[in-house]
Trainee: 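Dropping the structure in here first, questions after.
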Amino acid sequence: MTAEAPTAPALSYGRLIPVTVHFDDLDALGLLHNARYPLLVERAWTELWQQHGVRFEGDWAAAGDACNAVKELRVTYEAPVTRPGTYAVHLWLDRLGTTGLTYGFRFCSADGATTYARGTRVLVRLDPHTLRPAPWSDTLRTAGRELLRPAD
């Protein structure tokens with residue numbers, strides 16, 4: 001008889017995206033530098049949105065939903081990451097408005113079981129010419145609805 005590996009907790013909402021922590025992401029104490037968490041979360045979101053055709057390729061006028069700006073970022077650090085390796089970011093949307101959205105995230109172990117940090121970020125879709133708020137596309141709104149966290 002062989003022992004079975006523990007199963008990862010099932011996600012009831014959102015997506016779990018793998019990310020890699022490299023040796024040079026660690027600070028002088030050997031901990032994942034606090035500024036790297038938002039960077040790794042951003043890379044996970046970029047990967048997720050690219051799967052839905054949202055990408056920036058150098059032209060703001062053609063960027064569509066990728067033409068957006070961060071309005072707010074909040075991060076709470078819960079446990080230190082002490083070594084390089086494969087981890088994950090659990091991503092979801094808390095709110096999907098006309099021109100803005102709020103997403104939630106957990107920086108966690110690769111199986112999603114251990115949370116190292118959590119937070120939220122508010123994005124505003126921008127018109128590339130005026131840099132004023134602009135509505136999200138129907139494509140992003142459809143993809144976003146699949147990521148909405150159920151109300152508590």
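One is the number of the first residue; the rest follow in order along the sequence. Keep in mind that what you see is a predicted model, and the values were worked out from it rather than measured.
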Trainee: If you count heavy atoms of other groups shown closer than 6.0 angstrom to CZ of R55, is the number above 12?
Mentor: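 Check passes, neighbour count above 12.
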Trainee: Might you point out which heavy atoms bring H33 and D27 nearest each other, and give the distance in Å?
Mentor: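 Distance-wise, the nearest heavy atoms are CD2-CB, 4.0 Å.
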Trainee: List the atom of F107, the atom of V19, and the distance in Å for their closest heavy-atom pair.
Mentor: CE1-CG2, 3.8 Å
Trainee: Are V89 and W92 connected in the hydrophobic side-chain network, where two residues link if heavy atoms are under 4.5 Å apart?
Mentor: no
Trainee: Checking Y116 now: which residues fulfil ring pair (Phe, Tyr, Trp, His ring centres under 6.0 Å) with it, not counting sequence neighbours?
Mentor: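 Counting only residues at least two positions away or on another chain, Y116 forms a ring pair (Phe, Tyr, Trp, His ring centres under 6.0 Å) with Y87.
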Trainee: Give the cluster check for L73 versus L101: same hydrophobic cluster or not, with ILVMFWY residues linked at side-chain heavy-atom distances below 4.5 Å.
Mentor: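 Yes: a chain of side-chain contacts under 4.5 Å links L73 to L101.
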Trainee: Heavy atoms, side chains only, cut-off 4.5 Å: are L26 and P84 in contact?
Mentor: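 Yes, side chains in contact.
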Trainee: With a 4.5 Å heavy-atom cut-off, do V21 and R36 have their side chains touching?
Mentor: no
Trainee: Taking all heavy atoms of P135 and all of T99, pick out the closest pair and write down the distance.
Mentor: N-CG2, 3.8 Å
Trainee: Side-chain contact test, heavy atoms from C-beta onward, threshold under 4.5 Å: evaluate it for C108 versus L16 and give yes or no.
Mentor: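 Side-chain contact under 4.5 Å: yes.
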Trainee: Regarding D94 and T102, is there a side-chain donor-to-acceptor distance under 3.5 Å anywhere?
Mentor: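 No, T102 and D94 have no side-chain donor paired with an acceptor closer than 3.5 Å.
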Trainee: Cluster question for you: counting only ILVMFWY and a side-chain heavy-atom cut-off of under 4.5 Å, with indirect links fine, are L93 and V75 together?
Mentor: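 Yes.
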Trainee: Under 3.5 Å, side chain of H52 to main-chain N/O of V54, donor-acceptor pair present?
Mentor: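 Side chain of H52 to backbone of V54, a donor-acceptor pair under 3.5 Å: no, none is there.
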Trainee: Side chain of H90, backbone of Y13: donor and acceptor closer than 3.5 Å?
Mentor: yes
Trainee: Is any side-chain heavy atom of L147 less than 4.5 Å from a side-chain heavy atom of Y103?
Mentor: no
Trainee: Quick one: closest heavy-atom pair of C67 and P128, and the distance?
Mentor: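 So the two residues come closest at SG-CA, 3.9 Å.
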Trainee: May I ask you to test the V81-L31 pair for a side-chain heavy-atom distance under 4.5 Å?
Mentor: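 The answer is no; the side chains never approach within 4.5 Å.
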Trainee: When rounded to the nearest 0.5 angstrom, what is the spacing between NE2 in H22 and CG in L32?
Mentor: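 Answer rounded to 0.5 Å: 11.0 Å.
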Trainee: Could you tabulate the donor-acceptor pairs under 3.5 Å formed by side-chain atoms of residues 44-51, not counting sequence neighbours?
Mentor:
from	atom 1	to	atom 2	distance (Å)
T46	OG1	E42	O	2.9
Q51	OE1	R15	NH1	3.3
Q51	OE1	R15	NH2	3.1

Trainee: Quick check on side chain to side chain contact (heavy atoms under 4.5 Å, CB included): which of T98, V124, N68 does W136 satisfy it with?
Mentor: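 Of T98, V124, N68, side chain to side chain contact (heavy atoms under 4.5 Å, CB included) with W136 is met by N68 alone.
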Trainee: Near R132 CZ, under 6.0 Å, is it more than 12 heavy atoms from other residues, nucleotides or ligands?
Mentor: no
Trainee: Going by heavy atoms in the side chains, are W60 and L126 under 4.5 Å from each other?
Mentor: no
Trainee: Ignoring hydrogens and angles, tell me if any N or O in the side chain of Y77 forms a donor-acceptor pair with the backbone of N34 under 3.5 Å.
Mentor: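 Checked: pair present.
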Trainee: Any donor-acceptor pair under 3.5 Å linking the side chain of R125 with the backbone of G64?
Mentor: yes
Trainee: Nearest 0.5 Å, please: how far is CG in L140 from CG in L96?
Mentor: 6.5 Å
Trainee: Test your reading of the model: is there a side-chain donor-acceptor pair from R106 to the backbone of G112, 3.5 Å cut-off?
Mentor: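 It does hold such a pair.
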Trainee: Do Y37 and V70 belong to the same hydrophobic cluster, where Ile, Leu, Val, Met, Phe, Trp and Tyr are linked whenever their side-chain heavy atoms lie under 4.5 Å apart, directly or via other members?
Mentor: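 Per the 4.5 Å side-chain linkage, Y37 and V70 are co-clustered.
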